[in-house]
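Here's the structure, in structure tokens; my notes come after.
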Amino acid sequence: MKIQTYSNHIRFYSWHHFIYYPVLIAFLAGSIYFVCNTNDKLIWTFISVCFIFLFCLAFMLRQHYAITLQNRIVRLELRYRYFTLTGKRLEEFEYKLTDDQLFALRFAPDNELLGLIDDAIKNNLSGNAIKKAIVHWRGDYNRV
């Protein structure tokens, strides 16, 4: 794997993003075309609705379980890292940080983490601002 940075940290699953969705969209477009250009509007409307349902279901299920678990793991990792660095519990003020901020902090190395946490709380930095403030990016190569 190449070194992870802010500019390349977004990850795609090729089969899902570049094959399944385009094929499903093509079938949906074709079924909508037949709704408009044939006499069998009822059956093609039903087929179109089925494709829309498959698209929404695949999108929701693909992300729901993986992201929920990933979010929980990132929180636990940050709590552990904070405790290791300070001997104090992050939970005492974790409520002051948004999910976006917490998830951005995972990319910070240990020597930058405490300063970024303080900065995020004091200046209400967005997750994107936190990511841009990281000097030495700590790649998260195992995320979903």
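The figures that follow rest on heavy atoms only: side chains count, while hydrogens, waters and symmetry mates do not.
No more than 12 heavy atoms of other residues, nucleotides or ligands sit less than 6.0 Å from atom OH of Tyr80. Other residues, nucleotides and ligands contribute at most 12 non-hydrogen atoms within 6.0 Å of the CZ atom of Phe27.
In this structure, the side chains of Tyr141 and Ile3 come closer than 4.5 Å at one or more pairs of heavy atoms. Proximity of Ile121 to Gln101: side-chain heavy atoms (C-beta onward) are nowhere separated by under 4.5 Å.
Residues Gly127 and Ala104 approach most closely at O-CB, 3.2 Å, considering heavy atoms. Summarising the geometry of Leu97 relative to Ala120, their closest heavy-atom pair is CD2-CB, 3.9 Å, with the distance given to 0.1 Å. Of all heavy-atom pairs spanning Glu112 and Ile134, the tightest one is OE1-CA, 3.4 Å. Closest of all the heavy-atom pairs between Asp100 and Ser126 is OD2-C, 4.1 Å. Nearest heavy atoms, Gln4 versus Asp140: OE1-N, 2.6 Å. Annotation for His17 and Pro22: closest pair O-CD, 3.5 Å, computed over non-hydrogen atoms.
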Give the intermediate values and the outcome of side chain to side chain contact (heavy atoms under 4.5 Å, CB included) for residues Phe103 and Gln70.
-> CA-CA 10 Å; Phe103 303 148; Gln70 178 176 301; over 6 Å; no

Please step through side chain to side chain contact (heavy atoms under 4.5 Å, CB included) for the pair Leu90 and Phe93, ending with a clear verdict.
-> CA-CA 6 Å; Leu90 180 65; Phe93 61 88; 3.6 Å; yes

Check step by step if side chain to side chain contact (heavy atoms under 4.5 Å, CB included) holds for Phe55 and Tyr21.
-> CA-CA 7 Å; Phe55 184 84; Tyr21 280 135; 3.2 Å; yes

Passes side chain to side chain contact (heavy atoms under 4.5 Å, CB included), Leu105 versus Ile117? Steps please.
-> CA-CA 8 Å; Leu105 287 166; Ile117 289 173; 3.7 Å; yes

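Interatomic distance, CG of Leu113 versus CG of Leu78, reported as 6.5 Å (0.5 Å rounding). Here the CZ atom belonging to Arg106 is positioned 7.0 Å from the NE2 atom belonging to His9, to the nearest 0.5 angstrom. Here the CG atom belonging to Leu28 is positioned 11.5 Å from the CD1 atom belonging to Ile47, to the nearest 0.5 angstrom. Annotation: the span from Phe46 atom CZ to Trp44 atom CH2 amounts to 12.5 Å, rounded to 0.5 Å. With values rounded to the nearest 0.5 angstrom, Leu114 atom CG is found 9.0 Å from Arg81 atom CZ. Rounded to the nearest 0.5 angstrom, Leu116 CG and Phe107 CZ are separated by 13.0 Å.
Using a 4.5 Å cut-off between side-chain heavy atoms of Ile, Leu, Val, Met, Phe, Trp and Tyr, with links allowed through other members, Ile43 and Ile32 fall into the same hydrophobic cluster. The hydrophobic clustering, which links ILVMFWY residues whose side-chain heavy atoms are closer than 4.5 Å, places Leu24 and Ile52 together. Neither Val49 nor Val35 shares a network with the other; the hydrophobic side chains, linked directly or stepwise wherever heavy atoms of I, L, V, M, F, W or Y lie under 4.5 Å apart, form separate groups for each. Hydrophobic clustering keeps Leu76 apart from Val74 (ILVMFWY residues linked when any side-chain heavy atoms are closer than 4.5 Å, directly or through intermediates). Taken together through direct or relayed side-chain contacts under 4.5 Å among Ile, Leu, Val, Met, Phe, Trp and Tyr, Ile73 and Leu102 form parts of separate hydrophobic clusters.
The side chain to side chain contact (heavy atoms under 4.5 Å, CB included) test with Tyr82 singles out one residue from Thr86, Thr84, Leu85, and that residue is Thr86. For the salt bridge (charged side-chain N to carboxylate O under 4.0 Å, His left out) with Glu94, the qualifying choice from Arg89, Arg75, Lys88 is Arg75, the only one to do so.
Side-chain polar atoms of Thr68 and Asn71 form no donor-acceptor pair below 3.5 angstrom.
Below 30°, between 30° and 60°, or above 60°: for Trp137 and Tyr6 the angle between ring planes is above 60°, a perpendicular geometry.
Between the side chain of Asp119 and the backbone N or O of Gly115 there is no donor-acceptor pair closer than 3.5 Å. Within the 3.5 Å criterion, the main-chain N or O of Leu69 finds no donor-acceptor partner in the side chain of Arg72.
Other residues sharing a hydrophobic cluster with Leu42 under the 4.5 Å side-chain heavy-atom criterion for ILVMFWY residues do not exist; the residue is a singleton.
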